[in-house]
Amino acid sequence: MKITINVGEDINETEINIRCSQLTPDIENIIATLRIMNQQLLVTKDDTNYLLDVSTISYIEALERKTFVYTQDSIYESKLKLYEMEERLCKSGFFRISKSCLVHLKFIKSIKKDIDRKLRLTLTNGEQIMVSRQYADEIKKRLGVI
């Protein structure tokens with residue numbers, strides 16, 4: 001892999017060009033990282049790719065080796081693993097609430113205690129998701145409940 005960087009006062013806009021013989025998983029990962037830095041995420045729905053604004057994502061869930069991205073009204077799939085999403089989105093208001101789920105804190109409407117020290121989150125669209133015991137205390141701190 002060859003990396004070339006040109007710095008000059010005459011350059012008005014930052015531009016990134018990727019030249020390759022084929023689109024490999026490594027290159028797709030680099031593109032995904034750049035898009036998240038730009039607050040966009042490449043997702044798929046019905047065999048169509050979409051650039052999704054990160055601020056519209058309410059939560060992300062890993063099920064059966066797939067990663068699903070939920071907005072208020074749609075479900076998409078991402079090629080990124082949940083831990084990759086967590087690394088890239090933790091500074092954008094996302095927080096892990098279980099081994100298989102990240103939630104965008106701005107979409108939490110209410111929080112309620114549940115059995116076995118778990119918590120039940122109600123999102124702004126009415127959907128409810130569970131916080132495991134392992135992450136319950138930390139999310140309470142993040143939300144200012146403790």
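Fair warning: this is a prediction, and the values are worked out from it, not measured in the lab.
- The line from CG of L102 to OG of S58 is 11.5 Å long, rounded to the nearest 0.5 Å.
- No path of Ile, Leu, Val, Met, Phe, Trp and Tyr side chains, each step under 4.5 Å between heavy atoms, connects L63 with Y83, placing them in separate hydrophobic clusters.
- Follow the hydrophobic side-chain contacts under 4.5 Å out from F107 and you never reach L121; the two are in separate clusters.
- For Y70, the side-chain hydrogen bond (donor to acceptor under 3.5 Å, both in side chains) partners are E61, not counting sequence neighbours.
- A donor-acceptor distance shorter than 3.5 angstrom exists from the side chain of N125 to the backbone of E127, with no hydrogens or angles considered.
- Counting heavy atoms of neighbouring residues, nucleotides and ligands inside a 6.0 Å radius, atom CG of N49 exceeds 12 of them.
- For the side-chain contact (heavy atoms from CB on, under 4.5 Å) test, no residue two or more places apart in sequence or in another chain qualifies with I11.
- D53 contributes atom CG, which lies 10.0 Å from atom CG of L41 (distance to the nearest 0.5 angstrom).
- Judged purely by atom type and a 3.5 angstrom limit, T44 has no side-chain atom pairing as donor or acceptor with the backbone of D47.
- When all heavy atoms of S98 and S132 are compared, the pair lying nearest together is CA-OG, 3.8 Å.
- Judged by distance alone, the side chains of D26 and T24 never bring a donor and an acceptor atom under 3.5 Å apart.
- Following chains of ILVMFWY side-chain contacts shorter than 4.5 Å, one can reach I75 starting from I97, so the two form part of one hydrophobic cluster.
- Remark: the backbone N or O of T71 is not paired with any side-chain donor or acceptor of S74 at under 3.5 angstrom.
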*Stepwise, does the side chain to side chain contact (heavy atoms under 4.5 Å, CB included) test hold for T122 with I108?*
CA-CA 6 Å; T122 302; I108 298 174; over 6 Å; no
*asked:* Please evaluate residues K45 and E77 with respect to the criterion side chain to side chain contact (heavy atoms under 4.5 Å, CB included), reporting the C-alpha separation (whole Å), side-chain torsions for both, the decisive distance (0.1 Å), and the verdict.
replied: CA-CA 6 Å; K45 182 177 181 178; E77 190 174 338; over 6 Å; no
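- From S100, atom OG reaches atom CD of E64 across 11.5 Å, with rounding to the nearest 0.5 Å.
- When side chains are defined from C-beta on, K91 does not count as touching L89, because their heavy atoms never get closer than 4.5 Å.
- What you find for A136 and L119 is that their closest heavy atoms are O-CD1, 3.7 Å.
- For the atom pair OG (S92) and CD1 (I57), the distance works out to 9.0 Å, reported to the nearest 0.5 Å.
- Between T124 and K106, every side-chain heavy-atom pair lies at or beyond the 4.5 Å cut-off.
- T56 has its side chain out of reach of Q72: every pair of non-hydrogen atoms, C-beta onward, lies at least 4.5 Å apart.
- M130 and I139 fall into different hydrophobic clusters, where Ile, Leu, Val, Met, Phe, Trp and Tyr residues are linked whenever their side-chain heavy atoms come under 4.5 Å apart, directly or through other members.
- A side-chain donor-acceptor contact under 3.5 Å links R96 to the backbone of K99.
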*Give the C-alpha distance, both sets of side-chain angles, the deciding distance and a yes or no for side chain to side chain contact (heavy atoms under 4.5 Å, CB included) between F95 and C90.*
CA-CA 6 Å; F95 186 79; C90 67; over 6 Å; no
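- Listed by chain and number, the residues in a side-chain hydrogen bond (donor to acceptor under 3.5 Å, both in side chains) with R120 are D114, Q128 (sequence neighbours excluded).
- Not less than 6.0 angstrom separates the ring centroid of F68 from the ring centroid of Y76.
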_Derivation of the side chain to side chain contact (heavy atoms under 4.5 Å, CB included) call for R142 and L105_ = CA-CA 9 Å; R142 277 295 279 277; L105 297 176; 3.7 Å; yes
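- Side-chain atoms of T67 and M85, non-hydrogen and from C-beta on, do get closer than 4.5 Å to each other.
- Here the straight-line distance linking atom CG of N6 with atom CD of E15 works out to 10.0 Å at 0.5 Å rounding.
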_Does E28 form a salt bridge (charged side-chain N to carboxylate O under 4.0 Å, His left out) with K79? I'd like the steps, not just the answer._
CA-CA 9 Å; E28 286 178 346; K79 291 184 180 183; 3.6 Å; yes
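- Within the 3.5 Å criterion, the main-chain N or O of K81 finds a donor-acceptor partner in the side chain of E84.
- Atom CG of residue N29 and atom CG of residue L80 lie 6.0 Å apart, to the nearest 0.5 angstrom.
- Residues V103 and L123 form a side-chain contact, since some pair of their non-hydrogen atoms from C-beta on lies under 4.5 Å apart.
- Annotation: side chain of I111 is not in contact with side chain of V131 (no heavy-atom distance under 4.5 Å).
- Relative orientation of the H104 and F94 rings is parallel, given thresholds of 30° and 60° on the angle between their planes.
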